K.L.:
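Structure below; questions to follow.
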Amino acid sequence: MSKIRLILTLVLSLAVLPLASHAGIVERGRFIDVENHRGGNVLQMVQLRERLGRSGKTVRIQGYCRSACTILTTLPNACLAPKSRIGFHAPRIPNTQIIPPLVDEIMGNFYRGGIRDRWFGGWNRSMKMTVLTAREYVRLDPQTRICG
């Protein structure tokens, strides 16, 4: 497949993905809480990540963060609530088993350590959700902080 065709396929694939739900993002003083976020469109989540990173506020990931939301975990100003759960699965076009090209690589570039190893070791191709507790996540990526 030519590079141009691959990029065109990626862009068209992303166009059909649902919008990232921002309903689970609440600003509270010096904090931005990401609560029970289901993920959504990866490119929109990358844009949201940029905005959250520039906010100057602590981003607290609480409850269940899954799918595209997981790329927020490595923000330098983010922390995981002690009881949060982080869920990984292959990115896919909604209501299909089709994994759009390059999207898993975009996501994987935001992960570190053991999380990145496991992502590229199979989570990026699995339709089954792999769920980690905050402590399990930190064991695989010790640079991640638990919120105090």
Side-chain angles (χ1 to χ4, degrees), residues 9-148:
T9 301
L10 172 64
V11 170
L12 291 175
S13 297
L14 291 174
V16 300
L17 292 175
L19 300 177
S21 166
H22 297 293
I25 299 176
V26 179
E27 207 165 324
R28 293 186 171 103
R30 62 187 183 100
F31 300 104
I32 298 174
D33 292 336
V34 178
E35 300 172 336
N36 296 315
H37 203 293
R38 297 174 50 172
N41 180 290
V42 173
L43 291 183
Q44 288 179 344
M45 190 61 70
V46 169
Q47 292 172 340
L48 175 63
R49 178 188 159 84
E50 303 253 336
R51 287 194 305 272
L52 293 174
R54 289 190 312 264
S55 71
K57 298 180 180 214
T58 300
V59 176
R60 299 184 298 192
I61 298 171
Q62 302 179 25
Y64 194 18
C65 170
R66 66 182 187 194
S67 193
C69 174
T70 61
I71 71 171
L72 302 179
T73 59
T74 55
L75 277 165
N77 56 328
C79 63
L80 304 180
K83 293 185 180 186
S84 61
R85 292 167 297 135
I86 313 298
F88 299 88
H89 68 85
R92 61 184 175 270
I93 296 173
N95 305 313
T96 74
Q97 300 286 311
I98 300 169
I99 300 170
L102 301 177
V103 177
D104 64 318
E105 291 178 42
I106 292 168
M107 292 178 71
N109 284 324
F110 291 103
Y111 303 139
R112 300 179 295 233
I115 297 294
R116 182 181 170 91
D117 293 344
R118 296 215 177 153
W119 176 256
F120 287 118
W123 290 353
N124 65 331
R125 294 287 174 218
S126 176
M127 296 297 147
K128 180 182 173 232
M129 186 74 70
T130 298
V131 180
L132 303 176
T133 66
R135 300 218 183 282
E136 290 168 332
Y137 187 102
V138 169
R139 274 195 285 279
L140 291 170
D141 178 8
Q143 290 180 332
T144 303
R145 295 180 304 119
I146 300 288
C147 301

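Not measured: the values here are computed from a predicted model.
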K.L.:
Taking the side chain as every heavy atom from C-beta outward, state whether R85 and Q62 have any pair of such atoms under 4.5 Å apart.
P.N.:
no
K.L.:
To the nearest 0.5 Å, how far apart are OH in Y64 and CG in N36?
P.N.:
10.0 Å
K.L.:
Quick check: closest heavy atoms across R135 and P82, and the distance to 0.1 Å?
P.N.:
NH2-CB, 4.4 Å
K.L.:
Working to the nearest 0.5 angstrom, can you tell me the gap between N124 CG and M107 CE?
P.N.:
9.5 Å
K.L.:
When rounded to the nearest 0.5 angstrom, what distance separates OG1 in T133 from CD in E136?
P.N.:
3.5 Å
K.L.:
Any side-chain heavy-atom pair from I115 and T74 closer than 4.5 angstrom?
P.N.:
no
K.L.:
Please identify each residue that fulfils salt bridge (charged side-chain N to carboxylate O under 4.0 Å, His left out) with R28, with sequence neighbours left out.
P.N.:
D33, E35
K.L.:
List the steps, then state whether side-chain contact (heavy atoms from CB on, under 4.5 Å) holds for V34 with L72.
P.N.:
CA-CA 9 Å; V34 178; L72 302 179; 4.2 Å; yes
K.L.:
Identify the two heavy atoms, one from A134 and one from A81, that lie closest to each other, and give their separation to 0.1 Å.
P.N.:
CB-O, 3.4 Å
K.L.:
Counting only heavy atoms not in R116, do more than 12 sit closer than 6.0 Å to its CZ atom?
P.N.:
yes
K.L.:
Consider only side-chain N and O atoms of T130 and H89, and report whether a donor and an acceptor are under 3.5 Å apart.
P.N.:
no
K.L.:
Roughly how far apart are I71 CD1 and N109 CG, rounded to 0.5 Å?
P.N.:
10.5 Å
K.L.:
Hey, does the side chain of S126 reach the backbone of W123 with a donor-acceptor pair shorter than 3.5 angstrom?
P.N.:
no
K.L.:
Would you tell me whether S84 and R60 have side-chain atoms, one donor and one acceptor, within less than 3.5 Å of each other?
P.N.:
no
K.L.:
Suppose the criterion is disulfide (SG to SG under 2.5 Å): which pairs have a residue in residues 104-148, not counting sequence neighbours?
P.N.:
C79-C147
K.L.:
Partners of R112 by salt bridge (charged side-chain N to carboxylate O under 4.0 Å, His left out), sequence neighbours excluded?
P.N.:
D141
K.L.:
Testing the basics here: between I61 and A78, what is the closest heavy-atom pair and its distance to 0.1 Å?
P.N.:
CD1-CB, 4.5 Å
K.L.:
Do F88 and Y111 have ring centres separated by under 6.0 Å?
P.N.:
yes
K.L.:
Kindly determine whether L75 and R49 satisfy side-chain contact (heavy atoms from CB on, under 4.5 Å), including the steps that lead there.
P.N.:
CA-CA 7 Å; L75 277 165; R49 178 188 159 84; 3.6 Å; yes
K.L.:
Any non-hydrogen side-chain atom of D104 less than 4.5 Å from a side-chain atom of W119?
P.N.:
yes
K.L.:
Testing the basics here: between M45 and A68, what is the closest heavy-atom pair and its distance to 0.1 Å?
P.N.:
CG-O, 3.2 Å
K.L.:
Rounded to the nearest 0.5 Å, what separation is found between the NZ atom of K57 and the CG atom of N77?
P.N.:
11.5 Å
K.L.:
Show, in sequence, the C-alpha distance, side-chain angles and deciding distance for R125 and I99, and conclude whether the side-chain contact (heavy atoms from CB on, under 4.5 Å) test is met.
P.N.:
CA-CA 8 Å; R125 294 287 174 218; I99 300 170; 2.9 Å; yes
K.L.:
Taking the side chain as every heavy atom from C-beta outward, state whether R66 and I86 have any pair of such atoms under 4.5 Å apart.
P.N.:
no
K.L.:
Measure the spacing between CZ of R51 and CD1 of I32 and express it to the nearest 0.5 Å.
P.N.:
10.0 Å
